[in-house]
Participant: 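Mind having a look at this structure? Questions to follow.
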Amino acid sequence: MSESILGVIPVTFPRRIGFERLGLYITNTWIIITHESRKGLGALALTPLLGRYGGSTDDSVRERRRGGKGSVEAMSPESVLAARKDNFALGYEELVSVELRESSGVTSITILTRDDKFQFLSNTGLREVAGLLSPFPAREACL
């Protein structure tokens with residue numbers, strides 16, 4: 001079976017001031033974590049006034065998901081990893097657990113590996129996230 005991208009989960013990672021937008025690219029054997037953009041305090045303040053023009057939405061990942069130029073289906077996992085030096089992959093064999101929780105329409109994703117713990121937030125629904133993460137056999141979904 002060849003490696004292919006099954007889907008993308010747009011997520012945010014809270015920082016001390018602002019947040020970072022990331023993409024979780026799900027493949028048959030990896031979760032590829034890509035860095036999309038960082039938003040500081042200024043972008044957060046302008047979001048209510050400028051909306052998507054303030055740069056706080058996940059349009060870049062949504063465009064790829066819709067099948068436009070550079071769509072997920074047309075990309076290889078290797079090209080996603082090579083797109084930025086900060087991108088990295090977690091193999092399913094490295095994962096200890098994946099916990100999903102949904103609250104107020106926001107899905108919290110906690111990924112525990114042998115060495116690290118990653119916590120993300122996503123506007124993608126719990127069922128869709130759980131469906132994309134189904135290649136990982138030991139995932140836990142908490143409602």
Participant: Just how far is it from atom CG of L6 to atom CG of L133, taken to the nearest 0.5 Å?
Facilitator: 10.0 Å
Participant: Output all residues satisfying side-chain contact (heavy atoms from CB on, under 4.5 Å) with S108, sequence neighbours left out; order by chain, then residue number.
Facilitator: R101, T110, L121
Participant: State which residues pass ring pair (Phe, Tyr, Trp, His ring centres under 6.0 Å) with F120; sequence neighbours excluded, sorted by chain then number.
Facilitator: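 Applying ring pair (Phe, Tyr, Trp, His ring centres under 6.0 Å) to F120 gives none.
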Participant: Atom CG in L112, atom CG in L95: separation rounded to 0.5 Å?
Facilitator: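 Going from the CG atom of L112 to the CG atom of L95 covers 9.0 Å.
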Participant: What is the minimum heavy-atom distance between A89 and L81, and which atoms define it?
Facilitator: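 Closest heavy-atom pair between A89 and L81: N-CD2, 3.8 Å.
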Participant: If I take atom CD from residue E78 and atom OG1 from residue T27, how far apart are they, to the nearest 0.5 angstrom?
Facilitator: 9.0 Å
Participant: Is it the case that the side chain of E3 and the backbone of T29 share a donor-acceptor pair, with hydrogens and angles ignored and the cut-off at 3.5 Å?
Facilitator: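 Pair found, side chain donor or acceptor close to backbone of T29.
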Participant: Could you list the residues that satisfy side-chain contact (heavy atoms from CB on, under 4.5 Å) with E94, not counting sequence neighbours?
Facilitator: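 With sequence neighbours excluded, E94 shows a side-chain contact (heavy atoms from CB on, under 4.5 Å) to L90, given in chain and number order.
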Participant: With sequence neighbours excluded, what pairs up with D115 under the side-chain contact (heavy atoms from CB on, under 4.5 Å) test?
Facilitator: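 For D115, the residues satisfying side-chain contact (heavy atoms from CB on, under 4.5 Å) (neighbours in sequence not counted) are T113.
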Participant: How close do S122 and P10 get, heavy atom to heavy atom, and via which atoms?
Facilitator: OG-O, 2.8 Å
Participant: Can I33 and L24 be said to form a side chain to side chain contact (heavy atoms under 4.5 Å, CB included), step by step?
Facilitator: CA-CA 5 Å; I33 299 172; L24 302 183; 3.7 Å; yes
Participant: Side chains of L22 and H35: does their closest heavy-atom pair fall under 4.5 Å?
Facilitator: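 Answer yes - side chains close enough.
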Participant: Measuring from E102:CD to T124:OG1, what's the distance to the nearest 0.5 Å?
Facilitator: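 Going from the CD atom of E102 to the OG1 atom of T124 covers 10.5 Å.
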Participant: Does L132 belong to the same Ile/Leu/Val/Met/Phe/Trp/Tyr cluster as V106, with side-chain heavy atoms less than 4.5 Å apart forming each link?
Facilitator: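 No, separate clusters.
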Participant: Taking only residues two or more places apart in sequence, or in another chain, which ones meet F13 in a ring pair (Phe, Tyr, Trp, His ring centres under 6.0 Å)?
Facilitator: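 Ring pair (Phe, Tyr, Trp, His ring centres under 6.0 Å) check on F13 returns nothing, list empty.
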Participant: Residues in side chain to side chain donor-acceptor pair (under 3.5 Å) with T107, at least two apart?
Facilitator: none
Participant: Where the side chain of T34 meets the backbone of G23, is there a donor-acceptor pair that is under 3.5 Å apart?
Facilitator: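 Between the backbone of G23 and the side chain of T34 there is a qualifying donor-acceptor contact (under 3.5 Å).
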Participant: Is there a donor-acceptor pair closer than 3.5 Å between any side-chain N or O of N123 and the backbone N or O of G105?
Facilitator: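 Such a contact is absent between N123 side chain and G105 backbone.
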Participant: First locate atom OG of S79, then atom CD1 of I5, and finally report the distance between them rounded to the nearest 0.5 Å.
Facilitator: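 Result: 6.0 Å between the selected atoms.
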Participant: Locate the shortest heavy-atom distance separating V96 from R114; write the atom from each residue and the value.
Facilitator: CG2-N, 3.8 Å
Participant: List the atom of N28, the atom of Y92, and the distance in Å for their closest heavy-atom pair.
Facilitator: O-CE1, 3.1 Å
Participant: On a heavy-atom basis, which atom in P77 and which in W30 lie closest, and how many Å separate them?
Facilitator: CB-CZ3, 3.6 Å
Participant: Is the backbone N or O of V80 less than 3.5 Å from a side-chain atom of N87, with the two atoms forming a donor-acceptor pair by type?
Facilitator: yes
